[in-house]
Amino acid sequence: MRSDCPSPLPSSPESASPLASVRLAGTADAHSLGAWLQSRHPLPVAAARARQALLEGLLARPERGACVVVETTAGPQWLGCLPVTLVPHLELAGLAALATEWWCGGVLAGQDAALLLDCCGLLADWCRAHGVRHLLLAPALLTAAQAAPAGFVPHGSGLWHLNLSPAAKMLG
């Protein structure tokens with residue numbers, strides 16, 4: 001996360017694991033990320049192809065969303081994946097980043113909530129930089145005890161809601 005922009009998401013000592021790094025996935029990650037998802041949740045061939053096409057479409061079109069991933073720093077191994085779609089939200093008067101899935105597994109699987117919050121921190125910075133003022137998470141992704149300290153509040157829709165202030169503009 002950027003140090004010049006305060007984040008409502010606290011960084012806990014266990015989430016700052018030297019074994020993992022959090023970043024935005026790019027188009028070059030589509031094949032290996034798709035293979036990892038298939039190993040986590042195997043689908044029949046037609047459904048697996050459809051999932052791969054959706055993943056490639058998401059990674060190729062950042063104006064539609066993003067995919068935040070966690071990988072080991074020791075080698076190319078995926079630990080988590082948070083796909084996010086940008087959706088218009090009339091009540092919130094603009095775009096909202098909506099995450100309904102969280103895929104986690106691997107050597108740090110016991111820290112899945114901390115890894116998810118790290119992904120949300122990076123996502124919050126990405127949203128601020130792109131003018132997205134709201135982050136919505138499916139209710140099953142976090143418990144109330146995890147959501148509240150991170151700044152998430154229940155939304156009327158049943159989702160967790162994090163209101164984001166825009167990033168400061170740097171001219172120069």
Side-chain angles (χ1 to χ4, degrees), residues 1 9 15 17 19-109 111-142 146-147 150 152 155 157-162 164 167:
M1 286 195 272
L9 298 170
S15 67
S17 173
L19 302 174
S21 66
V22 178
R23 66 176 178 86
L24 290 172
T27 54
D29 297 313
H31 179 69
S32 61
L33 189 54
W36 180 74
L37 288 170
Q38 182 67 9
S39 74
R40 302 286 304 144
H41 183 71
L43 293 175
V45 174
R49 285 184 185 153
R51 177 170 58 192
Q52 186 66 30
L54 288 171
L55 178 62
E56 289 171 0
L58 179 64
L59 296 177
R61 304 287 306 265
E63 69 275 11
R64 290 187 179 172
C67 190
V68 183
V69 293
V70 182
E71 61 187 350
T72 60
T73 54
Q77 180 184 359
W78 300 108
L79 300 175
C81 174
L82 181 68
V84 179
T85 305
L86 294 179
V87 296
H89 200 291
L90 295 177
E91 179 187 348
L92 298 174
L95 288 177
L98 174 64
T100 59
E101 295 181 282
W102 165 240
W103 294 84
C104 188
V107 293
L108 299 175
Q111 295 182 339
D112 60 338
L115 293 174
L116 174 60
L117 289 175
D118 284 350
C119 288
C120 288
L122 178 71
L123 180 60
D125 284 347
W126 182 84
C127 287
R128 285 185 192 98
H130 290 86
V132 179
R133 308 262 325 250
H134 305 278
L135 176 55
L136 299 170
L137 293 180
L141 298 184
L142 292 174
Q146 296 163 336
F152 287 93
H155 185 265
S157 64
L159 301 169
W160 290 114
H161 175 236
L162 180 63
L164 304 169

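No experiment lies behind these values; they were computed from the predicted model shown.
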Could you go through the side-chain contact (heavy atoms from CB on, under 4.5 Å) check for Leu92 and His155 one step at a time?
CA-CA 11 Å; Leu92 298 174; His155 185 265; 4.1 Å; yes
Work out which heavy atom in [X] is nearest to a heavy atom in [Y]; give both atom names and the distance.
X      : Y      : result
Ala60  : Thr27  : CA-CG2, 3.7 Å
Cys81  : Trp102 : O-CE3, 3.4 Å
Val132 : Leu164 : O-CD1, 3.8 Å
Leu142 : Trp160 : O-NE1, 3.1 Å
Gly34  : Leu55  : N-CD2, 3.6 Å
Leu117 : Ala150 : CD2-CB, 3.7 Å

For a ring-ring contact (aromatic ring centres under 6.0 Å, His included) check, start with the C-alpha distance between His89 and His161, then their side-chain angles and the critical distance, and finish with the verdict.
CA-CA 12 Å; His89 200 291; His161 175 236; 7.9 Å; no
What distance separates [X] [atom1] from [Y] [atom2], expressed to the nearest 0.5 Å?
X      : Y      : atom1 : atom2 : result
Leu86  : His134 : CG    : NE2   : 12.5 Å
Leu43  : Arg51  : CG    : CZ    : 4.0 Å
Leu24  : Leu122 : CG    : CG    : 5.0 Å
Thr85  : Leu136 : OG1   : CG    : 11.5 Å
Cys119 : Arg23  : SG    : CZ    : 11.0 Å
Asp112 : Leu79  : CG    : CG    : 11.0 Å

Residue pair [X] / [Y], side-chain heavy-atom distance below 4.5 Å:
X      : Y      : answer
Leu159 : Pro139 : yes
Trp78  : Leu37  : no
Trp103 : His41  : yes

From Val68, Leu162, Leu137, Leu115, residue fulfilling side chain to side chain contact (heavy atoms under 4.5 Å, CB included) relative to Cys120:
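Exactly one candidate clears the test, Leu137.
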